[in-house]
Undergrad: 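Take a look at this one; I'll ask things after.
Position 1 is the first residue of the sequence; numbering continues from there.
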Amino acid sequence: IAGNHTVTGNQVVTGSQSATGGLAPAGGFAATPRMVHTGNTTIMAAADGTDTTPVATETYVSEIFIPCNMTITGIAVMNGSVAGTDKLCAILYDSNGVPVAQSAAAGVTATGVDSFQRLPLTAAYEAKGPATYYIGCQANGTTTRLNTHPVGNFGAQKKTGETFGTATALTIAGTFTANEGIIASLY
């Protein structure tokens with residue numbers, strides 16, 4: 001089928017159907033990613049998660065599912081019990097672990113205890129969904145705490161040997177490692 005296609009009634013598809021351009025949200029509304037969370041799980045209380053002391057040479061990574069096409073302008077990471085003088089940098093990876101967007105390489109100073117902090121991307125990213133993506137977060141020191149997922153059944157890992165503010169390709173671990181995946185959401 002070429003061009004636009006309108007179906008009235010039921011449509012039966014035998015075999016797979018690929019949407020290489022993603023799926024547009026139904027009803028003509030603009031998809032907003034504010035309800036898209038790592039591990040597909042939102043927090044229930046300010047103290048949810050594990051208070052993790054970051055290391056400047058590590059990136060904390062969590063899987064995130066994007067249900068339809070949407071424009072992402074930033075990543076909100078959940079700070080832990082201390083928001084010190086460290087800078088934070090967030091990275092969005094595609095399903096293959098390729099960095100597709102990030103916040104300022106120089107970082108943004110951590111603010112807000114046990115709360116989400118918005119880190120704007122340097123340019124909006126047009127995500128195609130449904131698809132799996134990954135969110136990474138780096139800190140340039142150890143005076144801040146990050147909240148990480150204590151439980152779950154999704155990709156979560158810690159990438160070592162990193163340079164703060166530099167987004168490098170991610171090798172997807174494929175298994176969950178407790179207390180390594182950052183708690184975050186998109187906006």
Undergrad: Once side-chain hydrogen bond (donor to acceptor under 3.5 Å, both in side chains) is applied, do any residues pair with Gln117, and if so which ones, sequence neighbours excluded?
TA: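 For Gln117, the residues satisfying side-chain hydrogen bond (donor to acceptor under 3.5 Å, both in side chains) (neighbours in sequence not counted) are Asn79.
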Undergrad: Of all heavy-atom pairs between Gly165 and Cys89, which one has the smallest distance, and what is that distance?
TA: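 Closest approach of Gly165 to Cys89, heavy atoms only: CA-SG, 4.0 Å.
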Undergrad: In a table with atom names and distances, give each donor-acceptor pair under 3.5 Å that connects a side chain of residues 92-101 to protein atoms at least two apart or in another chain.
TA:
| residue | atom | partner | partner atom | Å |
| --- | --- | --- | --- | --- |
| Asp94 | OD1 | Asn96 | N | 2.9 |
| Asp94 | OD1 | Gly97 | N | 3.1 |
| Asp94 | OD1 | Val98 | N | 3.0 |

Undergrad: Are Leu88 and Ile72 connected in a single hydrophobic cluster, I mean Ile/Leu/Val/Met/Phe/Trp/Tyr linked by side-chain heavy atoms less than 4.5 Å apart?
TA: yes
Undergrad: Please list, chain by chain and in numerical order, all residues satisfying ring pair (Phe, Tyr, Trp, His ring centres under 6.0 Å) with Phe154, sequence neighbours excluded.
TA: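 For Phe154 the ring pair (Phe, Tyr, Trp, His ring centres under 6.0 Å) partners, ignoring immediate neighbours, are His149, Phe176.
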Undergrad: Tell me which donor-acceptor pairs under 3.5 Å the side chains of residues 104-114 have, and how far apart each pair is, sequence neighbours excluded?
TA:
| residue | atom | partner | partner atom | Å |
| --- | --- | --- | --- | --- |
| Thr109 | OG1 | Lys87 | NZ | 2.9 |
| Asp114 | OD1 | Asn147 | ND2 | 3.3 |

Undergrad: Can Tyr133 be reached from Leu121 by stepping across I, L, V, M, F, W or Y side chains whose heavy atoms are under 4.5 Å apart?
TA: yes
Undergrad: Identify the heavy atoms of Thr142 and Pro54 that sit nearest to each other, and give their distance.
TA: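 Minimum heavy-atom contact is CG2-O, 3.1 Å.
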Undergrad: Show the numbers, then the answer: is there a side-chain contact (heavy atoms from CB on, under 4.5 Å) between Tyr125 and Thr73?
TA: CA-CA 7 Å; Tyr125 179 72; Thr73 59; over 6 Å; no
Undergrad: Would a 4.5 Å heavy-atom cut-off, applied to side chains only, mark Leu186 and Ile64 as touching?
TA: yes
Undergrad: Which atom pair, heavy atoms only, marks the closest approach of Ala124 to Thr71?
TA: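 Smallest heavy-atom distance, with atoms named: CB-CG2, 3.9 Å.
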Undergrad: Any side-chain heavy-atom pair from Ile135 and Val61 closer than 4.5 angstrom?
TA: no
Undergrad: Using distance alone, with no hydrogens and no angle criterion, decide if Thr160 and Glu58 have a side-chain donor and acceptor under 3.5 Å apart.
TA: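 No, no side-chain donor-acceptor pair sits under 3.5 Å.
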Undergrad: With sequence neighbours excluded, tell me which residues meet side-chain hydrogen bond (donor to acceptor under 3.5 Å, both in side chains) with Ser62.
TA: none
Undergrad: Name all residues meeting the salt bridge (charged side-chain N to carboxylate O under 4.0 Å, His left out) criterion together with Lys159; count only those two or more places apart in sequence or in a different chain, and write none if there are none.
TA: Glu162
Undergrad: Considering only heavy atoms from C-beta outward, does the side chain of Pro67 approach that of Val36 to under 4.5 Å?
TA: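 The answer is yes, as the side chains (C-beta and beyond) meet within the 4.5 Å cut-off.
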Undergrad: Regarding Thr53 and Arg145, do their side chains bring together a donor and an acceptor under 3.5 Å, going by distance alone?
TA: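 Their side chains do contain a donor-acceptor pair, which is all the 3.5 Å distance test asks for.
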Undergrad: How long is the span from the CD atom in Gln138 to the CD1 atom in Ile91, to the nearest 0.5 Å?
TA: 4.0 Å
Undergrad: To the nearest 0.5 Å, how far apart are OH in Tyr60 and NZ in Lys158?
TA: 5.0 Å
Undergrad: If you measure from OG on Ser185 to CD1 on Ile75, what distance do you get to the nearest 0.5 Å?
TA: 9.5 Å
Undergrad: Would you check if the side chain of Asn140 reaches a backbone N or O of Asp86 as a donor-acceptor pair within less than 3.5 Å?
TA: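 No.
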Undergrad: Once you round to the nearest 0.5 Å, how far does CZ of Phe116 lie from CE of Met78?
TA: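 Those atoms lie 5.5 Å apart.
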Undergrad: Assigning hydrophobic clusters by single linkage (Ile, Leu, Val, Met, Phe, Trp, Tyr; side-chain heavy-atom cutoff under 4.5 Å), is Val55 placed with Ile182?
TA: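 Result: yes, single cluster for both.
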Undergrad: Could you walk me through whether Thr57 and Thr163 pass side-chain contact (heavy atoms from CB on, under 4.5 Å), step by step?
TA: CA-CA 6 Å; Thr57 58; Thr163 300; over 6 Å; no
Undergrad: Does Thr38 reach the main-chain N or O of Ala184 with its side chain, forming a donor-acceptor pair under 3.5 Å?
TA: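 Confirmed, Thr38 side chain pairs with Ala184 backbone.
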Undergrad: Are any side-chain N or O atoms of Gln102 and backbone N or O atoms of Ala90, one a donor and one an acceptor, separated by less than 3.5 Å?
TA: no
